[in-house]
Amino acid sequence: MQIQNSIAERWKNIGKSIFSEMSALAQQHNAINLGQGFPDFSGPQEILHSISNQLVHCHNQYSPPQGESLLRVQVAKFIENLAGVTYDPNSEVTITHGATEALFSSVTALVNQGDKVLLFEPAFDLYYQAIANAGGTVVPFSLKAPDISLGSWTLDWSKFEAVCASGIKLAIFNSPHNPTGKVFTEDEILRIASIFAKHGIIAICDEVYENLVYEPFKHFSLSNVAKIRPLVIRISSAGKTFGFTGLRTGWVCAPANITEHIRIVHQATVFCLNPYTQLGLAEILSQTDWLTSYLSSQRKLYQLKRDFLTTTLEKSGYLVSKTEGTFFITANYKNLGGDISDIIYTKQLLITKKIATIPLSSFYQKSPNNFNWVRFAFCKKDETLIAASKLL
Ligand code: PMP
């Protein structure tokens, strides 16, 4: 039977995620995994205890599809304390199966066949898949790679204004940005907000790394800009916030008229999440002293890891862009690997040095020419990073 002919057209050209592929190769070659962005150590014990306590004691049947009310209330308080933005927990906050589902449900709720969706490339691969599933058309806008070793990625404003004037319905905007580690400044966000407002562009803001911003940088969100607020969908991840990616819990905050539609897609796909993780997280978010101290020490910890890996990569001959937030460093190998493609370079690095990384071209719809960038994840144990530095 020709099953291949039966596969839905819109999914035929979508391959396996590069992150899972590199992780599988890392395992196969017994390599150190600096590819996929998950910590190789446990999330906080306090969260484990809180969730396991709820697992034993809470009602263990379906939870409300929009999320447990206790968690929605705590999420609204958390965002208000963190970012100074208020959301109504009843009508504007929805708990999702990680940020992945929040993104997928938001795109599905808003994108029609042929709608133009702007992505800031390099961009997280899920965006392309969700847009393809909805029948939308990706309009890529490339961030400019830093020319010198100590810079971060930048925007060409005249090109940006032109692309936004080309009939874009929706943009997916990710800051702190995966994979570049760029944290958009308040000035940049205000300028982007004005351009989006001028053209009525809806913004899905992927802010999963909002709590992983390093000194002296600050996270500023499009949701902080009043004039664009009715057009902003703000997405977070408990997994990224707590360095605990197995939690599979996220939330999407949006004006009630948009939330209503996101909730319909959410209900039709995952229906609801398990109650114990949500109730355990609600308890954790209510412990504000613990929360503030945990997030601050986590930031310091990752900042040290970032500095260690940046120095290692520079000493090894890479040109390293400045990581202001996230778990990632982008590094250019043109002084090391010659003219080979990043796909071949990362495979060679994996086989010869036993280090798994991610080729940056996989974050583009169409790979740029002569592109020599790879992404390293530094959210790993010190011994993992030290072992990698010896191999590099
Ligand atoms: N957005 C970005 C930019 C990410 O890097 C990730 C995870 N790699 C996600 C969303 C998905 O987050 P979650 O694990 O909560 O589904």
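All values derive from a computational prediction rather than experimental measurement. Counting starts at 1 for both ligands and their atoms, in listed order.
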Worksheet, complete the sentence: Residue, atom and distance of the protein heavy atom nearest atom 12 (O) of ligand 1 read Ala99 CB, 3.5 Å
Worksheet item: Quick check: does Asn174 get an N/O under 3.5 Å from an N/O on ligand 1?
Response: no
Worksheet item: Got more than 12 heavy atoms from elsewhere within 6.0 Å of NZ, Lys347?
Response: no
Worksheet item: Can you find a non-hydrogen atom of Tyr209 under 4.0 Å from ligand 1?
Response: yes
Discussion item. Here's one to test your reading of the geometry: is the NZ or CZ of Lys182 within 45 degrees of the ring axis of Phe120 and under 6.0 Å from its centre?
Written reply: no
Worksheet item: Quick check: does Arg248 get an N/O under 3.5 Å from an N/O on ligand 1?
Response: yes
Practice prompt. Indicate, with yes or no, if the rings of Phe184 and Phe220 have centres closer together than 6.0 Å.
Written response: no
Fill in: Residues Lys218, Glu210: salt bridge by 4.0 Å N-O rule
no
Discussion item. Aromatic contact between Tyr302 and Tyr214, with the criterion being ring centroids under 6.0 Å apart: yes or no?
Written reply: no
Practice prompt. Of the side chain and backbone of Thr100, name the one, both, or neither that has a heavy atom under 4.0 Å from an atom of ligand 1.
Written response: both
Discussion item. Under 3.5 Å between any N/O of Phe328 and any N/O of ligand 1: does that happen in this structure?
Written reply: no
Response to the item:
Note: Phe19, heavy atoms under 4.0 Å from ligand 1, region reported as neither
Discussion item. I need the nearest protein heavy-atom contact for atom 9 (C) of ligand 1: residue, atom name and distance, please.
Written reply: Phe124 CE2, 3.5 Å
Practice prompt. Assess Leu126 for proximity to ligand 1: is some non-hydrogen atom of it under 4.0 Å away?
Written response: no
Worksheet item: Given Leu391, which of Leu349, Thr352, Thr312, Ile355 fulfils the side chain to side chain contact (heavy atoms under 4.5 Å, CB included) condition?
Response: Ile355
Worksheet item: Of the backbone atoms (N, CA, C, O) and the side-chain heavy atoms from C-beta on, which set of Lys240 has a member under 4.0 Å from an atom of ligand 1: side chain, backbone, both, or neither?
Response: side chain
Discussion item. At less than 4.0 angstrom from any non-hydrogen atom of Leu103, what atoms of ligand 1 do you find?
Written reply: 10 (C)
Discussion item. With heavy-atom distances below 4.5 Å as the criterion, would you say the side chains of Ile14 and Trp11 are in contact?
Written reply: yes
Discussion item. Just checking Gln27: does its CD atom have more than 12 heavy atoms from other residues, nucleotides or ligands closer to it than 6.0 angstrom?
Written reply: no
Discussion item. If the cut-off is 4.0 Å to any non-hydrogen atom of Ser237, which atoms of ligand 1 fall inside it?
Written reply: 13 (P), 15 (O)
Response to the item:
Per-atom filter on ligand 1: closer than 4.0 angstrom to a heavy atom of Gly98 are 15 (O), 16 (O)
Item to complete: Please state which part of Thr245 comes within less than 4.0 Å of ligand 1, counting heavy atoms only: side chain, backbone, both or neither.
Response: neither
Worksheet entry | Validation row, ring centre Tyr333 to ring centre Tyr318 under 6.0 Å | no
Worksheet item: With atoms numbered from 1 as shown, which atoms in ligand 1 lie under 4.0 angstrom from a non-hydrogen atom of Asp206?
Response: 1 (N), 2 (C), 3 (C), 10 (C)
Worksheet item: Taking non-hydrogen atoms only, is Ile235 closer than 4.0 angstrom to ligand 1 via side chain, backbone, both or neither?
Response: neither
Fill in: Cation-pi geometry met for Arg306 and Phe378 (6.0 Å, 45°)
no
